[in-house]
Amino acid sequence: MNSKIFNFLILLIFLFGFQVLEGKSQDLKLFVLPFENFSSNPQAFERIYPLLIKELSERGFDFYEEEYVKGVMKEIGIKERGFVLKDHMDQLYKNYGIQYLLTGGILNFSEDTYPRVSLHVRIVKLPEKKIIWSGYYGKTGEEYEGFFGLGKVRDIDELSRRVLKGLFSELHIKTLISKIEARPKKRMVLLPFRNLSQEAWVGKMATYILLTELTKLEEIEVSEMGEAIDFMIKYTVLPLAEMTYADLESAALEMEVDYVILGTVDDFWEEGVKTYYPLVVLALRILNTKERKVLYADDCYFTGISKEGILESGRIRLGANVAYECAKKLVKKIKNLEKGP
């Protein structure tokens, strides 16, 4: 065999082997859309982004280059953050061949004495406009305190790394592929919650957090948030936690959903605002689009000390984490929706 050909084959084998060792999956190459930022730090996503890429790269995921993403967003005219509209999903897939999009929301990113970070992230398969994975995780620097006050995290970048590691701890490419192939029986759409509290943005924050839990249901597929926003724009449906019969019929036809979830954030405050612990009150209703009736209604009152034990063990310091406890409680009750709650 020609020595040059032999050397070339050896090089190919080496490169292929290196790719396998790295664990990169070209089949799951992610297009990272900038996150919606609910924090007071305008540079929060820029701080989180390189840490997110590093964490997911170590888990075997591949990514489109940041400059390419910016160029595509400019060409298509994507201005939204944290979700992608239906038409933009179609263009990303049909015009650019992009199959998987990752986006989410930065719910907390605070550089106080003890920093606070909480994130919602989801992966959407664009051809089917289907959420195939969603997660939420949040921590404060104080939560790592050990004996004699040691272990508290004061650096927000270090806290962000720990939050990202916790967020993606159960995300694996193999299980994600099996999730892609699953065929749910029912479809639902979650509309943004109405905010009746005194805190800004918590209606949408609570929506993202509930969306995280709903996407874990095996028998139900939840529409991507961009589809919900598209529907609300087209039919002028406001986030008022109510819908007309005509809106329900439109939802059934437009999005082909069996259920619509509406909700309100009745109260929400962070630690130290009114009390030394955070508090959240959520309420929701599930509407059957075909029968045009309320299928299920419930609410949740939860505080940062609801699970507190001895020496403050179990105490929750983030309002978003309290909301997450409510989301888990509510979804646990409705996971067998098709059998009747």
Any side-chain heavy atom of Leu196 sitting closer than 4.5 Å to one from Asp267? no

Answer yes or no: is there a donor N or O on one side and an acceptor on the other, between the side chain of Asp112 and the main chain of Tyr114, under 3.5 Å? no

Pairwise distance CE(Met225) to OG(Ser134) - rounded to 0.5 angstrom: 9.5 Å

Test item: Leu119 and Tyr137 side chains (from C-beta on) under 4.5 Å apart, heavy atoms: no

Would Phe268 and Trp201 count as a ring pair (Phe, Tyr, Trp, His ring centres under 6.0 Å) if you check the C-alpha gap in whole Å, the side-chain angles of each, and the deciding distance to 0.1 Å? CA-CA 11 Å; Phe268 185 106; Trp201 306 114; over 10 Å; no

Test side chain to side chain donor-acceptor pair (under 3.5 Å) on Asn321 and Tyr136 and set out the steps. CA-CA 9 Å; Asn321 283 356; Tyr136 166 81; 2.6 Å; yes

Can you tell me if Arg81 uses its side chain to pair, donor with acceptor, with the backbone of Lys79 under 3.5 Å? yes

Looking at Arg194 and Glu242, does any basic side-chain N land under 4.0 Å from a carboxylate oxygen? no

Kindly determine whether Glu254 and Tyr235 satisfy side chain to side chain donor-acceptor pair (under 3.5 Å), including the steps that lead there. CA-CA 10 Å; Glu254 183 81 14; Tyr235 292 95; 3.0 Å; yes

Please tell me if the side chains of Val32 and Tyr64 come closer than 4.5 Å, counting only heavy atoms from C-beta onward. no

Can you confirm whether Arg285 sits close enough to Ile261 that some side-chain heavy atom of one is under 4.5 Å from a side-chain heavy atom of the other? no

One should read off an interatomic distance between Glu221 CD and Asp258 CG, to the nearest 0.5 angstrom, of 10.5 Å

Lys329/Glu325 ion pair, N-O < 4.0 Å: no

Mind checking the CG-CD1 spacing from Leu126 to Ile132? Nearest 0.5 Å is all I need. 9.5 Å

Any side-chain heavy-atom pair from Glu219 and Lys186 closer than 4.5 angstrom? no

